[in-house]
2 protein chains.
Amino acid sequence: MLEKSRRKGDDTRERILAVAEAAVLAKGFAGTSIDEIIAEVGITKSGFFYHFKDKSELAKGMMLRYLAQDRVVLDQLFQRGDDLNNDPLHGFLVGLKLFAEMFADLPGAHPGCLAASFAYQDQPFNRDIRALNSDGILAWRTRFRERFEMIAEIYPPKQKVDFDALADMAATLVEGGLVLGRMLNDSSVLPKQILLYRDFVQMIFSGGK
Amino acid sequence: MLEKSRRKGDDTRERILAVAEAAVLAKGFAGTSIDEIIAEVGITKSGFFYHFKDKSELAKGMMLRYLAQDRVVLDQLFQRGDDLNNDPLHGFLVGLKLFAEMFADLPGAHPGCLAASFAYQDQPFNRDIRALNSDGILAWRTRFRERFEMIAEIYPPKQKVDFDALADMAATLVEGGLVLGRMLNDSSVLPKQILLYRDFVQMIFSGGK
DNA sequence: CCGTCTACTGGACTCGCGGTACAGTCAGCC
DNA sequence: GGCTGACTGTACCGCGAGTCCAGTAGACGG
């Protein structure tokens with residue numbers, strides 16, 4: 001039928017993950033039934049359990065997929081920021097602007113974050129998921145902190161700042177912004193918060209303006 | 001047995017809500033079964049459904065209880081800040097410090113937020129819940145914006161700031177901080193973010209220091 | 001051409017949980 | 001003494017997760 005590039009099943013697995021992601025972002029993990037997923041993918045229940053031994057394995061697969069996409073998108077974004085401006089501070093500020101625009105331009109209003117979706121789920125499957133989640137956040141922290149250290153060499157901040165906390169602030173605002181966006185049904189919350197964060201970073205490293 | 005102050009059932013209802021809140025914060029709403037709640041409260045299923053016609057009504061009751069508590073706690077906190085310092089900026093900054101300390105001193109590491117717990121749930125019951133949630137957030141926004149306007153009269157900010165967004169930033173950091181706290185299993189994330197927010201507000205209104 | 005492996009289909013069945021229905025109970029109040 | 005509020009107890013339904021297992025179509029290798 002379609003392409004039969006690598007394995008036959010890889011394609012089905014990928015389709016399950018894609019369908020599941022859309023459903024979970026729209027209705028939450030608990031609110032998404034397997035029956036519903038397989039109906040959309042066009043397979044049977046047995047087919048589903050051939051690929052994932054249970055629902056938590058599905059969640060794990062979704063997280064891995066999500067984090068990989070996430071990493072690629074973020075890399076591209078801040079790379080573009082640096083391409084447009086080779087000063088580490090201004091490259092970062094451009095990256096943040098692009099980041100805000102990305103969230104502003106998202107089609108379906110409020111996508112939400114898979115990670116957060118899982119963070120507020122029950123314990124059992126969270127052992128594994130939480131580890132993945134944790135790694136994802138820690139990657140952000142490291143990436144941003146290293147950037148701040150680079151920036152600080154050129155623009156020494158007037159007052160001392162905890163770079164780890166400042167790095168975490170980005171992820172915090174994204175997660176919180178998505179939550180507020182959902183609550184208020186207003187997708188402009190998150191981009192505005194990112195831009196405020198941008199102002200904050202700018203103030204810290206280059207004073208007033 | 002105990003007090004029989006108002007009605008007999010008010011006490012039971014309250015106990016259901018209290019038990020449910022603890023369970024939901026620990027395991028998520030979907031992960032909390034009615035059977036489990038009634039076992040702990042010591043009533044039967046019929047008794048439960050006498051008080052709440054379904055699980056979404058329970059959620060609604062929990063939200064109302066939660067928002068009421070929230071309002072009281074916040075009022076007290078910022079009132080204390082103002083009592084200690086009658087300048088609107090410094091009173092607010094003290095309030096934020098108390099706020100951060102409150103989260104730092106919480107016993108069970110990461111309590112999470114009921115509101116966020118529900119924000120990532122499925123659609124159906126969310127119509128009602130979302131409205132409550134929305135009202136809660138909007139109340140924060142108004143409260144903080146009014147405060148910023150008061151502060152700005154005395155400390156005109158160097159650059160123009162969107163007070164609504166700056167107000168939302170507090171709620172955003174709280175929600176996001178709770179999410180990150182859960183993911184990283186680190187309850188120090190949220191207080192640190194609040195203190196960063198405090199620094200930001202201070203920089204906006206009184207420049208460097 | 002045969003056997004094996006992958007990627008499923010089909011169907012039957014279990015269990016937990018949300019939710020319904022409804023009859024009965026018991027204590028307090030007018 | 002009857003009504004109401006706050007339940008108990010039991011039986012039942014449907015949905016969704018998950019299990020078991022038998023069968024099969026197609027690719028692939030010898």
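In what follows, chains are A, B, ... by sequence order, proteins preceding strands, each numbered from 1.
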What's the [atom1]-[atom2] distance between [X] and [N], to the nearest Å?
X	N	atom1	atom2	answer
Asp35(B)	dC17(C)	CG	P	6 Å
Phe29(A)	dG16(D)	CZ	C1'	13 Å
Phe49(A)	dG16(D)	CZ	P	13 Å
Lys55(B)	dC15(D)	NZ	C1'	14 Å
Arg15(A)	dC8(C)	CZ	C1'	12 Å
Tyr50(A)	dT9(C)	OH	C1'	13 Å
Ile38(B)	dC17(C)	CD1	C1'	11 Å
Phe52(B)	dA6(D)	CZ	P	12 Å

Specify whether Phe118(A) and Phe29(A) have parallel, tilted or perpendicular ring planes, treating 30° as the upper limit for parallel and 60° as the lower limit for perpendicular.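 The arrangement is perpendicular - the two ring planes meet at more than 60°.
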[options]: which one has an atom nearest the side-chain heavy atoms of [X]?
X	options	value
Thr12(B)	dC7(D), dT9(C), dG16(D)	dC7(D)
Ser33(B)	dA17(D), dG19(C), dC17(C)	dC17(C)
Ile43(B)	dT8(D), dG18(D), dC8(C)	dT8(D)
Thr44(A)	dT9(C), dT6(C), dA6(D)	dT9(C)

Taking N or O atoms only and anything under 3.5 Å, show me the protein contacts with nucleotides 11-13 of chain C, one pair per line.
| from | atom 1 | to | atom 2 | distance (Å) |
| --- | --- | --- | --- | --- |
| dG11(C) | O6 | Ser46(A) | OG | 3.3 |

Check this for me: does any side-chain nitrogen of one of Arg15(B) and Asp11(B) sit under 4.0 Å from a carboxylate oxygen of the other? yes
Rounded to the nearest 0.5 Å, how far does CG of Leu190(B) lie from CZ of Phe103(B)? 5.0 Å
I need the Ile204(B) CD1 to Leu196(A) CG distance, nearest 0.5 Å.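 One gets 7.0 Å once the value is rounded to the nearest 0.5 Å.
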For a quick test of reading the model: is some side-chain N or O of His51(B) closer than 4.0 Å to OP1 or OP2 of dC7(D)? yes
Check whether the side chains of Asp186(A) and Ser188(A) place a donor and an acceptor atom closer than 3.5 Å, and report yes or no. yes
How about Phe144(A) and Phe163(A): are their ring centres within less than 6.0 Å of each other?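 Judged by ring-centre distance (under 6.0 Å), Phe144(A) and Phe163(A) do not meet the cut-off.
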Please confirm whether Tyr197(B) and Phe200(A) have ring centers closer than 6.0 angstrom. no
